[in-house]
Peer 1: 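First the structure, which I've put down as structure tokens, then a few questions once you've had a look.
Everything numeric here is computed off the predicted structure, so don't read it as measured data. When reading the values below, keep in mind they use all heavy atoms of this one structure, side chains included, and skip hydrogens, waters and symmetry mates.
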Amino acid sequence: MQYSEGRLGRVFVLRLDDGEDLLDTLSGFSMDHGIESAVVHILGGLGRGSMVTGPEQPVIPPRPHYGSVEGAWELVGVATIFPSDGGSRVHLHASAGRGEDTLTGCLRGAAKVYLVLEMVIIEMIGLSARRALDQRSGLHLLSLGNPSYPRI
């Protein structure tokens with residue numbers, strides 16, 4: 001286990017409208033406002049998107065299994081933002097539902113809003129946290145300042 005302690009910074013509330021791209025907007029807004037580390041709460045409508053819904057097989061490195069959303073789906077999600085090579089990196093997991101259908105996973109690529117979507121960005125400051133490429137998994141994993149937690 002790794003950990004890092006920080007404190008809360010600024011809070012932003014965003015409204016995205018029909019056709020805007022969720023991931024592009026979140027990444028751009030974070031960059032424009034100098035947000036390096038944050039947690040993001042998301043709810044609203046998703047019109048089109050692609051999600052990694054797990055690995056094809058439970059092996060490392062994983063080969064992602066993709067699912068897609070098309071039309072008008074309800075969405076609830078949580079994201080984190082942490083520094084990485086080339087700027088901060090967004091990691092967003094969400095559940096999307098339409099009627100009896102549900103899809104849960106890591107949102108990737110284009111993610112177009114249907115009607116309206118709300119985001120609350122809560123900045124975290126003073127952390128020793130960074131996403132770095134993990135050679136074993138091939139993923140950009142979170143690396144924190146303290147490499148272990150003392151057990152009693």
Side-chain angles (χ1 to χ4, degrees), residues 1-56 58 61-134 137-145:
M1 180 176 121
Q2 300 176 21
Y3 73 96
S4 181
E5 183 176 345
R7 58 193 182 285
L8 299 181
R10 300 168 292 172
V11 176
F12 300 92
V13 178
L14 285 70
R15 175 184 139 174
L16 282 66
D17 293 310
D18 191 67
E20 290 187 81
D21 190 282
L22 191 165
L23 291 169
D24 284 350
T25 301
L26 180 54
S27 293
F29 186 87
S30 298
M31 184 182 304
D32 291 347
H33 289 83
I35 300 169
E36 290 187 354
S37 300
V39 63
V40 185
H41 300 276
I42 300 158
L43 61 117
L46 184 64
R48 186 182 54 192
S50 181
M51 289 185 183
V52 173
T53 60
E56 289 286 346
R63 197 172 93 228
H65 178 270
Y66 285 91
S68 61
V69 169
E70 189 74 37
W73 291 60
E74 294 296 318
L75 183 80
V76 62
V78 175
T80 56
I81 301 170
F82 290 108
S84 186
D85 294 338
S88 292
R89 183 179 291 261
V90 174
H91 185 201
L92 193 162
H93 279 243
S95 286
R98 179 175 170 85
E100 299 296 317
D101 297 324
T102 303
L103 194 62
T104 300
C106 183
L107 203 54
R108 298 216 184 140
K112 299 296 182 180
V113 170
Y114 165 73
L115 192 57
V116 68
L117 185 134
E118 299 170 2
M119 285 194 276
V120 178
I121 302 172
I122 303 168
E123 183 181 41
M124 298 177 285
I125 54 179
L127 294 174
S128 175
R130 170 168 202 77
R131 289 204 192 284
L133 182 61
D134 175 69
S137 68
L139 303 171
H140 285 84
L141 300 181
L142 185 59
S143 177
L144 300 167

Peer 1: Would you please test Val52 and Tyr66 for side-chain contact (heavy atoms from CB on, under 4.5 Å) and show each step?
Peer 2: CA-CA 5 Å; Val52 173; Tyr66 285 91; 3.6 Å; yes

Peer 1: Have Thr80 and Arg131 got a donor and an acceptor in their side chains that come within less than 3.5 Å?
Peer 2: yes

Peer 1: Do any pairs count as a ring-ring contact (aromatic ring centres under 6.0 Å, His included) and have a residue in residues 7-29, sequence neighbours left out, and if so which ones?
Peer 2: Phe12-Phe29, Phe12-His33, Phe29-His33

Peer 1: What do the steps show when you test Ile81 against Met124 for side-chain contact (heavy atoms from CB on, under 4.5 Å), and what is the final call?
Peer 2: CA-CA 9 Å; Ile81 301 170; Met124 298 177 285; over 6 Å; no

Peer 1: To the nearest 0.5 Å, what is the distance between CG on Leu141 and CG on Asp134?
Peer 2: 4.5 Å

Peer 1: Do the side chains of Asp85 and Arg130 get close enough for a salt bridge, i.e. N-O under 4.0 angstrom?
Peer 2: yes

Peer 1: What are the two closest heavy atoms between Thr104 and Met51, and how far apart are they?
Peer 2: C-SD, 3.9 Å

Peer 1: Judged by atom type as modelled, is there a donor-acceptor pair below 3.5 Å linking the side chain of Gln2 to the main-chain atoms of Leu144?
Peer 2: yes

Peer 1: Would you mind telling me which of Leu46, Val69, Asp21 makes a side-chain contact (heavy atoms from CB on, under 4.5 Å) with Lys112?
Peer 2: Asp21

Peer 1: Please round to the nearest 0.5 Å and tell me the distance separating atom OG of Ser84 and atom CG of Leu133.
Peer 2: 8.5 Å

Peer 1: So, for Leu26 and Ala79, which heavy atoms are closest and what is the spacing to 0.1 Å?
Peer 2: CD2-CB, 4.4 Å

Peer 1: Does the pair Leu117 and Ile42 meet the rule for a side-chain contact (heavy atoms from CB on, under 4.5 Å), with working shown?
Peer 2: CA-CA 7 Å; Leu117 185 134; Ile42 300 158; 3.7 Å; yes

Peer 1: Over all heavy atoms of both residues, which pair between Glu123 and Ile35 is shortest? Give the atoms and the distance, please.
Peer 2: OE2-CA, 4.1 Å

Peer 1: For atom CZ of Arg10, is the number of surrounding heavy atoms from other residues, nucleotides or ligands below 6.0 Å larger than 12?
Peer 2: yes

Peer 1: Could you tell me whether a side-chain N or O of Ser37 sits under 3.5 Å from a main-chain N or O of Phe82, the two making a donor and an acceptor?
Peer 2: no

Peer 1: When you measure from the side chain of Arg98 to the backbone of Ala72, do you find a donor-acceptor pair of N or O atoms at a distance under 3.5 Å?
Peer 2: yes

Peer 1: Rounded to the nearest 0.5 Å, what's the gap from CD on Glu74 to CG on Leu115? Could you check?
Peer 2: 9.0 Å

Peer 1: So Asp18 and Val116, side-chain contact (heavy atoms from CB on, under 4.5 Å) or not? Walk me through it.
Peer 2: CA-CA 6 Å; Asp18 191 67; Val116 68; over 6 Å; no

Peer 1: Say you draw a straight line from OH of Tyr3 to CG of Leu127; how long is it, rounded to the nearest 0.5 Å?
Peer 2: 12.5 Å

